[in-house]
2 protein chains.
Amino acid sequence: MTHGTRPKLLEAAFREVYERGFQAASLTEILRDTGLTKGALYHHFSCKRALGLAVVEEVVRERLESTIFRPLEEAERPIAALLKIWGDKLRLLDDDAIEHGCPLNNLIQEMSPIDPEFRTRLGAILTRWQEVLAQALRTGQVQQEIRADVNCDTTALFILAAWEGCWGIAKNQQSAPAFRQCLAQLQAYVESLRPRS
Amino acid sequence: MTHGTRPKLLEAAFREVYERGFQAASLTEILRDTGLTKGALYHHFSCKRALGLAVVEEVVRERLESTIFRPLEEAERPIAALLKIWGDKLRLLDDDAIEHGCPLNNLIQEMSPIDPEFRTRLGAILTRWQEVLAQALRTGQVQQEIRADVNCDTTALFILAAWEGCWGIAKNQQSAPAFRQCLAQLQAYVESLRPRS
DNA sequence: ACGCGGTCGTACCGACCGGTATGATAAACA
DNA sequence: TGTTTATCATACCGGTCGGTACGACCGCGT
């Protein structure tokens with residue numbers, strides 16, 4: 001059931017971690033949001049760390065799978081789909097996203113240096129993202145929308161880095177226009193990968 | 001004097017914040033590193049937040065000024081200087097930098113959403129960086145090393161975002177090659193701004 | 001009717017943190 | 001020399017945190 005106490009805890013924990021970071025996230029606050037208590041929490045999760053890792057796997061990863069990874073994999077024209085996804089993100093940009101940035105990137109920056117398990121799990125999501133992007137570029141090549149001489153793997157990595165970087169800038173500037181400006185350059189970069197007309 | 005207790009506190013605080021983030025930084029640990037006590041600390045700084053802001057202004061900003069901003073401003077051929085700075089950073093890359101990433105970016109990601117003062121100060125450094133980069137691109141244009149049709153301001157912003165993004169990826173992957181790979185693409189992007197030969 | 005395992009609430013602990021109050025010391029100045 | 005002022009040490013406080021112990025409840029099989 002999706003209305004159980006465990007999913008409720010995961011969702012509230014995601015919110016709290018998204019707003020404060022994992023280390024600063026307060027279990028008490030999560031329990032206040034859900035109306036539950038520590039007994040319920042420690043029945044489903046052995047410790048705070050386990051809760052955080054579950055958030056990574058079952059919330060962060062799942063959201064990216066459904067909103068980006070699978071749409072990109074199932075698209076017949078992946079390059080157009082990629083630009084469309086970015087466009088959607090820009091149109092649906094709310095204050096919350098501008099204020100707090102990318103959930104995955106936040107956790108990566110905070111947890112990678114101090115917890116190997118977090119680092120591995122987050123790195124797996126990053127690798128998956130990179131592979132999805134690289135595959136999109138490859139089919140873009142056979143569809144002659146991407147030049148044949150571009151290295152799809154390293155380009156995918158760079159696009160990923162630039163994407164997260166744009167989020168980081170916007171998070172400080174606290175303005176959607178700054179994010180748009182930054183992302184427009186990323187789109188221009190992808191356009192520059194097209195064959196010379 | 002540069003050997004006083006205040007600079008010693010600032011340096012130790014920078015290390016601690018760099019390794020754990022500001023919120024998780026322990027004043028006790030800083031004092032243990034310096035051999036000082038809380039009396040000394042709270043004589044020079046009114047609270048933990050003031051110490052953190054001083055670290056931003058007097059350590060983080062100053063390091064960037066001396067290693068990147070001023071060298072880029074004083075260079076006769078800024079584009080070559082930019083590529084050289086990146087090359088130096090790659091050659092002198094130590095495990096510490098790979099493990100903990102870019103100090104400025106770390107603070108931006110952690111503090112921007114939760115403290116307006118931090119956000120403003122960090123944003124000022126970011127703006128300065130952007131302007132230095134934009135100016136470098138502009139003189140690159142008059143030296144005919146950058147195409148005349150590129151928007152220097154937005155391009156500078158994008159380069160900045162990509163640069164920080166590369167650090168973020170490397171921080172998770174924990175490998176210098178990943179950073180090199182990522183940064184190579186950034187260099188390739190800058191090369192793509194050159195006039196058609 | 002009874003027991004039992006899963007589920008969750010309540011009360012509480014020990015540890016750690018940022019911050020404060022106060023005292024000791026030494027330099028600076030009269 | 002006497003006094004003030006800057007500098008730093010020591011001891012301690014209030015508060016919050018993650019985590020634990022234990023009890024209540026409830027469905028379910030027998």
Side-chain angles (χ1 to χ4, degrees), chain A residues 1-59 106-107 110-111 113-118 121, chain B residues 1-59 106-107 110-111 113-118 121:
Chain A
M1 52 184 112
T2 170
H3 293 288
T5 78
R6 196 189 132 98
K8 204 185 300 183
L9 283 169
L10 281 174
E11 197 59 35
F14 170 77
R15 283 300 315 175
E16 176 74 2
V17 170
Y18 184 43
E19 291 173 4
R20 303 202 196 183
F22 173 76
Q23 299 180 91
S26 163
L27 297 183
T28 305
E29 183 63 27
I30 295 174
L31 296 173
R32 178 156 40 200
D33 289 349
T34 57
L36 297 169
T37 61
K38 289 205 175 178
L41 202 166
Y42 278 91
H43 172 73
H44 290 281
F45 304 97
S46 62
C47 60
K48 186 190 182 185
R49 203 174 85 111
L51 173 63
L53 290 171
V55 165
V56 169
E57 295 292 324
E58 303 178 36
V59 182
N106 294 354
L107 283 168
E110 180 188 4
M111 301 305 294
I114 62 177
D115 192 309
E117 188 69 22
F118 269 90
R121 307 275 187 104
Chain B
M1 55 184 110
T2 170
H3 292 289
T5 76
R6 196 188 133 100
K8 204 186 301 185
L9 283 169
L10 281 174
E11 196 59 34
F14 170 78
R15 283 300 316 174
E16 176 75 3
V17 170
Y18 184 43
E19 291 173 5
R20 304 203 198 183
F22 174 75
Q23 300 180 91
S26 163
L27 297 183
T28 306
E29 184 63 27
I30 295 173
L31 296 173
R32 179 156 40 201
D33 289 350
T34 57
L36 298 169
T37 62
K38 289 204 175 178
L41 201 165
Y42 278 92
H43 172 73
H44 290 282
F45 304 96
S46 63
C47 60
K48 185 189 183 186
R49 203 174 85 111
L51 174 62
L53 291 171
V55 166
V56 169
E57 295 292 324
E58 303 177 35
V59 183
N106 294 354
L107 282 168
E110 179 189 4
M111 301 305 294
I114 62 177
D115 193 308
E117 188 68 22
F118 269 92
R121 308 274 188 104

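A quick note: this is a predicted structure, and the numbers were derived from the prediction, not measured.
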Base, sugar-phosphate or nothing for B/Leu41? Non-hydrogen atoms, less than 4.0 Å. nothing

Which letters describe nucleotides 12-28 of chain D, given B = protein heavy atom under 4.0 Å from base, S = only from sugar-phosphate, - = neither? -----SBBB--------

With heavy-atom distances below 4.5 Å as the criterion, would you say the side chains of B/Leu107 and B/Val17 are in contact? yes

Do NZ/NE/NH1/NH2 and the carboxylate oxygens of B/Glu29 and B/Arg32 come within less than 4.0 Å? yes

Non-hydrogen atoms of A/Lys8 and A/Thr34 that approach each other most closely: O-CG2, 3.7 Å

Taking atom C1' of C/dA11 as reference, at what distance in whole Å does atom CG of A/Leu31 sit? 14 Å

So B/Leu9 and B/Leu31, do their side chains get closer than 4.5 Å, heavy atoms only? yes

Measure from CZ on B/Phe45 to C1' on D/dT7 and round the result to the nearest Å. 14 Å

What integer distance in Å separates B/His43:NE2 from D/dT10:P? 17 Å

Salt bridge check, A/Glu11 against A/Arg15: does any charged N sit closer than 4.0 Å to a carboxylate O? no

Would you kindly give the CG-to-P distance between B/Leu9 and D/dT7, to the nearest whole Å? 12 Å

With a cut-off of less than 4.0 Å, is there a side-chain N or O of A/His44 near OP1 or OP2 of C/dC8? yes

Any side-chain heavy atom of B/Leu10 within less than 4.5 Å of one from B/Phe45? yes

Specify the separation, in whole Å, of atom CG of B/Leu51 and atom C1' of C/dC17. 15 Å

